[in-house]
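Keep in mind that this is a model prediction, so the values were computed, not measured. In what follows, chains are A, B, ... by sequence order, proteins preceding strands, each numbered from 1.
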Protein chains: 4
Amino acid sequence: MQVKKEEVKNALLLEAEKEFMQYGFEKASIRRIVKKAGTTIGNFYNYFENKEALFSELVDDEYKAFMYFVNSHNQQGEPEVLLDTLDAGQLREVLNQFVGTLIPVFSQKLFLLTSRSEGTKYENTKSIVLNVITEHYLEHIRELNSNNGDNKEIADVVGHSFLEGLLYIIEKYTDEKLRQRLINEHILFYFLGTMAVLGDSNREKPC
Amino acid sequence: MQVKKEEVKNALLLEAEKEFMQYGFEKASIRRIVKKAGTTIGNFYNYFENKEALFSELVDDEYKAFMYFVNSHNQQGEPEVLLDTLDAGQLREVLNQFVGTLIPVFSQKLFLLTSRSEGTKYENTKSIVLNVITEHYLEHIRELNSNNGDNKEIADVVGHSFLEGLLYIIEKYTDEKLRQRLINEHILFYFLGTMAVLGDSNREKPC
Amino acid sequence: MQVKKEEVKNALLLEAEKEFMQYGFEKASIRRIVKKAGTTIGNFYNYFENKEALFSELVDDEYKAFMYFVNSHNQQGEPEVLLDTLDAGQLREVLNQFVGTLIPVFSQKLFLLTSRSEGTKYENTKSIVLNVITEHYLEHIRELNSNNGDNKEIADVVGHSFLEGLLYIIEKYTDEKLRQRLINEHILFYFLGTMAVLGDSNREKPC
Amino acid sequence: MQVKKEEVKNALLLEAEKEFMQYGFEKASIRRIVKKAGTTIGNFYNYFENKEALFSELVDDEYKAFMYFVNSHNQQGEPEVLLDTLDAGQLREVLNQFVGTLIPVFSQKLFLLTSRSEGTKYENTKSIVLNVITEHYLEHIRELNSNNGDNKEIADVVGHSFLEGLLYIIEKYTDEKLRQRLINEHILFYFLGTMAVLGDSNREKPC
DNA sequence: AATGAATGAGGGTTCATTCAT
DNA sequence: AATGAATGAACCCTCATTCAT
C-alpha cells in the first residue's frame, strides 16, 4: 500500500501550494491538504516538521533568490537606455529583453511570499519589496525633479500600485508568454506614467 | 446597571471595524471584539444575529451607495474636460473638484468591502469593482485606439493596480486632505500613463 | 440544563487535583478531567485560561504562603529550647506545639507544588525547598561541629530524605491528627539522628 | 553499510537509559532515542519488541538480582555486630565493609526500576522495596521495643525517607567512592536515628 | 539489518453560536 | 439588556507501532 516517497511529498507540496494560494498561510488547513493529497495527518509529519516548514519548503529558494536579486539589482540598476527615449515602441523592445532576464524572479512563489505569508517568518517580504521599489522610484524622480519635498507618500502609493499589479499578473496569468507581455506593459505603463506626471515641467517639448 | 443600547452597539461596531480591518472577516474573533467593547459574548447576540450580520451592518450602506454610484456613474461619466488637455497642472485642478465629490465614496468602509470581506456575501465586491473599472478603461481606450483586439488582460491589470492603489490610500492615509491629494495624484497618474502608452500613435504632436 | 457556575468550577478543580496528584501536570489529561467533572472541553476554557492556569489556581496561594513562610522562617528560626535537651519525650512536646503552627503549610497542595509540577512555572519549588532545608541543616551542624569541610553532599542527602519523608506524609496521610503526629516523629527522628551522628565527638556524656 | 548488530543495540540501550532517566518511561520518546542513537524507528523494532521490552532489557536483570537479594537478605540479615555499639566511628567501619558488598545492588538501574518505571510492569517495585524495608525496620524495633502498637505508619515514613535518600544518592552521585561514603553515612544516620528515638526508654545509660 | 512511510488516537486549544438565567 | 455556561467541531501537532521495501 506504500507509495514512493517522492510521490507523496510532491502531492503534498502541490496541494499545499494550492491551499496556501487560496486561503493564505493561517487559514490553510493541514487536514484539507493531506486529504486532497491522499494521505493522513500523521504521515504529513513524516515529510514536514510543521506547517511553517511546509510553507518554507515552497518558498524559501525563491525568497533567497529574490533577496539576492534585490540586493544586486540595487547596485547594478536598469538599462540606461530607458532614459533616452519616451517612445513607447522603442521602450517596449528594450524592456522586453530586460524583463526576459527577470522572469524566473516573477514566479507564483513570489506571490505566496508577499501575499499569502501572513503568520510566517516571511510575512514582511511585501513591505521589504515595497520599500525597495519606493526607494528606487524616489531616486529616479529626484534625478528629474528638484522639489522632492512631499513626494514620499506618492512614491509609497505608486510603488504599492505597481507591486500589486505585478503580483496580480503573477497570480492570475500563468501562461509564460502572456505573463511576460503583461509585465512589460505594466512596467512601461509606470515608466511613461511617471514621465508624464513629472515631465511637463522638466522637459522641453523639442519639436 | 444597564447601559444605553446605542452605546453598546456603537462600541461593538467600533471595535468590530478595527478587528475586521486588522484581521479580515474570517480571522476576526468575536471574543476579542466583545472584550474590547466592554461587553459579553451573550450580549453581542442581542445586537447582531451573527458575525456576518455584524459585518453587514458595518458595510451594507456603503455597499448600496457604492453600487448606486457605480451604476449612475456608468451613465453619467466623468468630466469631458479631462479629454481636452494633457497638461498635468490643469488636470489636477479639474480632478480636484471631481474627486472632491467622490470623497464620501472612498471611505474606509470601501476597504472593508473589497479587501476584508472574504467569507461574507460581499466577498465578490472587489471583482465587481474591478470589472467596472476595467470596462470603463476599455471604453476609453477604444475611443482612442482602433486596434483593441487584445487589450482585455492589460485593462485587467491596469484596473487592478489602480484599484489596489486607491484602496491602499483609503486604508493607510486617514487624514482627509492628504488622502484627497493622493487620490488626485493617483488618478492623474493613471490618466496620463494611459495617454502616454496609447498616445504616441494617436495624437499629433501639435507643435 | 445549566448548573451553577461554582459547582462546575469546583468539580473541575476537584477532579483536576486528583488527576494532577495521580499523573503529574504533564501526563494529566484535560479530556479526562472534564469527563470526570461532567462537562466538556469547550466549557473548560470558560473557566480556565489553559492547563497551567488550572494548576496555578490549585497551588498558587499555597505557593505564596509557603514562600512567605520560608522567608520569614529563615529570620525567625525554630524554638531555642530544642537545643537544650536530647530527651525524646521532652522534644516531642516542644515539637508538637511548633509543628502545630505549621500544619497549614504542610497541605496536599505543597505536594502538588513540589512533586507534581514538572512542566509548570512551579517546577523548581522542590529544589528551592531543598536548598532552604540544606542550608538550614548546614548552619546547625556548623554550630556543633568545627570540621565541616565535606558535609555538603551529606547535607544534600539528609535534606532530600527529610523532605521526601515530609512530602510522603502529606501525600498519603490525610487524617489531620495522624499527619501531625507523623510529622512530629519525622522531625524528631532527623533531629536526634543528626545529634547522634555528630554528637559522639562533640558532647560530653555527662553521667 | 551495515553496522554490527551489537553496536546498534548498545547505542539504543545507552540512549534509552538516559532518556528514561530524564523523562521516565511514559514521557520518554522512542523517536528521540533512535535519533540520539543514530538509527531509525523502523530499525528499533528489529531490536526490541516495543517500548516496554526496551525498558525491560535495561532493568530486568537488576530486578531479578534485587529480588533475589531481598529474599536472601531477609533470611540472612545484617551484621550482628551492628547491635553491639552505638559509637559512630566503629559503626562506620563495619558498615563500610557491609555496604561494599551491596554496591552492585545500588546501581542506577535500581533508580530506573523504582522511580522511572511508571507505566511498566515494574511500576510496583518501589512499593515492594518499601514494604521490605518497612518490615525489616519493624522487626528491629520490635526487638528493642515492646509497645509496637502504632508504629506501622512511622515505619512506613522512615522506610520511605530512607529509600528516597538512597535512590537520590544513586541518581545524583555517580562517583563510586563518594557514593559509597554517602550510602554509609545514610545508613548510619538511620541506624543512629532509630536508636536515638527508641533508645531513651530501652537502654541504660551505662556510665 | 535497515529504512521510513503509514496509521489513527490522543494531546492542548480556539471558535461561533445557543440558551438558561 | 445582560451574563457567561455549554456545546462540538476544528485547529496544529506528537505518539507508539506496523509493515512494505
Could you tell me the separation between the [atom1] atom of [X] and the [atom2] atom of [N], rounded to a whole number of Å?
| X | N | atom1 | atom2 | result |
| --- | --- | --- | --- | --- |
| A:E49 | F:dC15 | CD | P | 12 Å |
| C:F20 | E:dG12 | CZ | C1' | 12 Å |
| A:E6 | E:dG4 | CD | C1' | 13 Å |
| A:F48 | E:dG4 | CZ | P | 15 Å |
| A:N43 | E:dG8 | CG | C1' | 12 Å |
| A:E7 | F:dT21 | CD | P | 13 Å |
| A:K9 | E:dT3 | NZ | C1' | 16 Å |
| D:K35 | F:dA16 | NZ | C1' | 15 Å |

| request: Take D:E118 and C:K27 through the test side chain to side chain contact (heavy atoms under 4.5 Å, CB included) and record every step on the way to the result. | output: CA-CA 11 Å; D:E118 211 184 302; C:K27 286 191 278 194; 4.0 Å; yes
For a quick test of reading the model: is some side-chain N or O of [X] closer than 4.0 Å to OP1 or OP2 of [N]?
| X | N | answer |
| --- | --- | --- |
| A:T39 | E:dT7 | yes |
| A:Y45 | F:dT14 | no |
| C:R31 | E:dG10 | no |

| query | When you match A:A28 and C:T40 each to their closest nucleotide on DNA chain F, which lands nearer the 5' end? | reply | C:T40
| query | Between D:N50 and A:G42, which is nearer to the 5' end of DNA chain F once each is assigned its nearest nucleotide? | reply |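 Closer to the 5' end of DNA chain F: A:G42.
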| request: With a 3.5 angstrom cut-off on both distances, give the Watson-Crick or G-U wobble partner of F:dT14, or none if there isn't one. | output: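 In the structure as shown, F:dT14 has E:dA9 as its Watson-Crick or wobble partner.
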| query | Does any nucleotide pair with F:dA1 by Watson-Crick or G-U wobble geometry, both distances under 3.5 Å, and what is it? | reply | none
| query | In a check of salt bridge (charged side-chain N to carboxylate O under 4.0 Å, His left out) between B:R116 and each of B:E19, B:E171, B:E26, B:E123, which one passes? | reply |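 For B:R116, the salt bridge (charged side-chain N to carboxylate O under 4.0 Å, His left out) check succeeds only for B:E171.
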| note | Closest non-hydrogen contact found for C:Y122 with C:S117 is O-OG, 3.4 Å
| Can you name the nearest heavy-atom pair linking A:F44 to A:V34, along with the distance? | CB-CG1, 3.6 Å
From [options], pick the nucleotide closest to the side chain of [X]?
| X | options | result |
| --- | --- | --- |
| A:K51 | E:dA6, E:dA16, F:dC12 | F:dC12 |
| A:S29 | F:dC11, E:dT3, E:dT14 | F:dC11 |
| B:I30 | F:dT3, E:dT17, F:dT7 | E:dT17 |
| B:Y47 | F:dA1, E:dA16, E:dA6 | F:dA1 |

| said: So for atom CD, which belongs to C:Q108, do other residues, nucleotides or ligands contribute more than 12 heavy atoms lying within a distance under 6.0 Å? | reply: yes
| field | C:E57 atom CD, neighbour heavy-atom count above 12 within 6.0 Å | value | yes
| Under-3.5 Å donor-acceptor pair between C:N46 side chain and F:dA6 base | yes
| query | Given that D:F44 and C:K27 both sit by DNA chain E, which one's nearest nucleotide is further toward the 5' end? | reply |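 Checking each residue's closest nucleotide, the 5'-ward one belongs to D:F44.
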| request: Would you indicate what D:I41 reaches in the nucleic acid, counting non-hydrogen atoms under 4.0 angstrom: base, sugar-phosphate, or nothing? | output: base
